[in-house]
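These values consider heavy atoms only, across backbone and side chains, with no hydrogens, waters or symmetry-generated copies. For reference, positions follow the sequence shown, starting with 1.
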Amino acid sequence: MREIEVHEYKTLHNLVTINKAYLAEFLPWANFETEPQDYIETLEEWKRSNGESSMMTLGIYYEDHLVGLCGFNTINRMNKSADIGYWLAESHTGKGIMTDCVKSLIKYGYHVLGLNRIAIIVDVENTASIKIPERLGFVREVKMKEYFYRNKGFYDGFMYRMTRLEWDALKK
């Protein structure tokens with residue numbers, strides 16, 4: 001994982017376009033009609049936000065090719081908490097890539113950012129996404145009624161959490 005550089009805007013656009021149908025099932029933004037240059041401003045904003053530490057968006061690279069994104073959608077420094085979000089190209093699912101990336105984010109969050117709590121919120125129907133926090137030992141904390149809006153309807157979400165103490169206990 002690393003920051004995506006602004007000059008990679010065409011690569012990111014192509015990745016989203018190729019995976020549009022797959023991503024749009026749970027990520028409505030994937031259906032937006034975009035042009036490659038539309039990603040320039042987004043990438044510039046991510047770079048600024050990464051530096052300000054209010055969020056962090058990183059590219060996932062497999063064999064030097066961009067295959068997805070993950071990061072902290074929000075970082076709350078006051079409460080020492082953050083929410084993780086992620087997506088991966090369909091062709092690269094099932095290889096453990098995302099689990100490894102989320103594990104790296106967790107370590108970074110606890111050891112570098114000094115976080116105490118990390119959450120992952122997933123659509124209750126996204127079984128592939130649900131496997132990530134469960135595989136890593138997150139606790140399903142709550143089912144949130146009508147949390148996600150997609151495909152002209154509202155869908156429930158599960159909130160998973162991991163505190164620093166829980167993470168440390170898993171590592172012993």
List for me each residue that meets side chain to side chain donor-acceptor pair (under 3.5 Å) alongside Lys20, sequence neighbours excluded, and say none if there are none.
-> Glu33

Would you give the length of the straight line joining atom CG of Leu43 to atom CD of Glu5, rounded to the nearest 0.5 angstrom?
-> 9.0 Å

Contact check, side chains of Ile121 and Phe148, non-hydrogen atoms, under 4.5 Å = yes

Decide yes or no for Tyr108 and Leu113: does some side-chain heavy atom of the first lie under 4.5 Å from some side-chain heavy atom of the second?
-> yes

In terms of side-chain geometry, is the basic nitrogen of Lys47 or Glu44 positioned less than 4.0 Å from the acidic oxygen of its partner?
-> no

Work out which heavy atom in Gly114 is nearest to a heavy atom in Lys80; give both atom names and the distance.
-> O-CD, 3.6 Å

Does the side chain of Thr11 come within less than 4.5 Å of Leu15's, by heavy atoms?
-> no

About how many Å separate CE of Met144 and CG of Asp123, when rounded to the nearest 0.5 Å?
-> 10.0 Å

Any side-chain donor paired with an acceptor under 3.5 Å for Thr163 and Arg117?
-> no

Going by atom types alone, do Thr74 and Asp83 pair a side-chain donor with an acceptor below 3.5 Å?
-> yes

Side-chain donor or acceptor of Asn79 paired with backbone N/O of Ser81 under 3.5 Å | no

Candidate pair Ile120 and Phe138, rule side-chain contact (heavy atoms from CB on, under 4.5 Å), full reasoning = CA-CA 9 Å; Ile120 299 175; Phe138 276 65; 3.8 Å; yes

Side-chain contact test, heavy atoms from C-beta onward, threshold under 4.5 Å: evaluate it for Tyr160 versus Val139 and give yes or no.
-> no

Charged tip of Arg140 within 45° of Phe158 ring normal and under 6.0 Å = yes

Which distance, rounded to the nearest 0.5 Å, do you find between the CG of Leu105 and the CG of Asp100?
-> 11.5 Å

For Thr34 and Val16, run side-chain contact (heavy atoms from CB on, under 4.5 Å): C-alpha distance rounded to whole Å, both residues' side-chain angles, the deciding distance at 0.1 Å, then the answer.
-> CA-CA 10 Å; Thr34 60; Val16 171; 5.8 Å; no

Shared ILVMFWY cluster between Ile40 and Trp29, side chains joined below 4.5 angstrom?
-> yes

Taking C-beta and beyond as the side chain, do Val124 and Lys143 meet within less than 4.5 Å on heavy atoms?
-> yes

Is there a path from Tyr9 to Phe32 through hydrophobic residues (I, L, V, M, F, W, Y) whose side chains come within less than 4.5 Å of each other?
-> yes

Close side-chain approach of Trp167 to Lys107, heavy-atom, < 4.5 Å | yes

When rounded to the nearest 0.5 Å, the distance separating CD of Glu25 from CG of Asn126 is 7.0 Å

In terms of heavy-atom contacts, does OH of Tyr22 have more than 12 from other residues, nucleotides or ligands at under 6.0 Å?
-> yes

Result block: side-chain N/O donor-acceptor pairs under 3.5 angstrom for residues 84-95, not counting sequence neighbours:
{"from": "Tyr86", "atom 1": "OH", "to": "Ser129", "atom 2": "O", "distance (Å)": "2.9"}
{"from": "Tyr86", "atom 1": "OH", "to": "Ser129", "atom 2": "OG", "distance (Å)": "3.1"}
{"from": "Thr93", "atom 1": "OG1", "to": "Glu90", "atom 2": "O", "distance (Å)": "2.9"}

Less than 4.5 Å apart, any side-chain heavy atom of Leu58 and any of Trp46?
-> no

Value rounded to 0.5 Å, distance of CD1 in Ile132 from SG in Cys70 | 10.0 Å

State plainly whether one hydrophobic cluster holds both Met98 and Phe26, where clusters connect Ile, Leu, Val, Met, Phe, Trp and Tyr through side-chain heavy atoms under 4.5 angstrom apart.
-> no

Flag yes if Leu165 and Leu136 sit in one hydrophobic cluster, no otherwise; membership is Ile, Leu, Val, Met, Phe, Trp, Tyr, and two members link when side-chain heavy atoms are under 4.5 Å apart.
-> no

Under the side-chain contact (heavy atoms from CB on, under 4.5 Å) rule, what do Arg161 and Ile118 come out as? Steps first, then yes or no, please.
-> CA-CA 6 Å; Arg161 69 116 208 297; Ile118 296 174; over 6 Å; no

Full working for salt bridge (charged side-chain N to carboxylate O under 4.0 Å, His left out) between Glu134 and Lys131 = CA-CA 5 Å; Glu134 290 185 351; Lys131 289 177 185 177; over 6 Å; no

Closest approach of Ala30 and Leu23, non-hydrogen atoms and distance?
-> CB-CB, 3.7 Å

Heavy-atom closest pair, residues Met159 and Ala119 = CG-CB, 4.3 Å

Where do Met55 and Arg48 land on the side-chain contact (heavy atoms from CB on, under 4.5 Å) test, with the steps shown first?
-> CA-CA 9 Å; Met55 63 176 281; Arg48 275 191 303 277; over 6 Å; no

Glu41 atom CD, over 12 foreign heavy atoms within 6.0 Å = no

Are Met1 and Leu115 connected, step by step, through hydrophobic side chains (Ile, Leu, Val, Met, Phe, Trp, Tyr) whose heavy atoms are closer than 4.5 Å?
-> yes

Can I get a per-line list of side-chain donor-acceptor pairs under 3.5 Å for residues 60-67, giving both atom names and the distance, sequence neighbours left out?
{"from": "Tyr61", "atom 1": "OH", "to": "Arg2", "atom 2": "NH1", "distance (Å)": "3.3"}
{"from": "Tyr61", "atom 1": "OH", "to": "Arg2", "atom 2": "NH2", "distance (Å)": "3.4"}
{"from": "Tyr61", "atom 1": "OH", "to": "Glu8", "atom 2": "OE1", "distance (Å)": "3.1"}
{"from": "Tyr61", "atom 1": "OH", "to": "Glu8", "atom 2": "OE2", "distance (Å)": "2.8"}

Look at the rings of His13 and Tyr39 and say which category their plane angle falls in: under 30° parallel, 30 to 60° tilted, over 60° perpendicular.
-> perpendicular

Any donor-acceptor N or O pair under 3.5 Å, side chains Glu125, Tyr155 = no

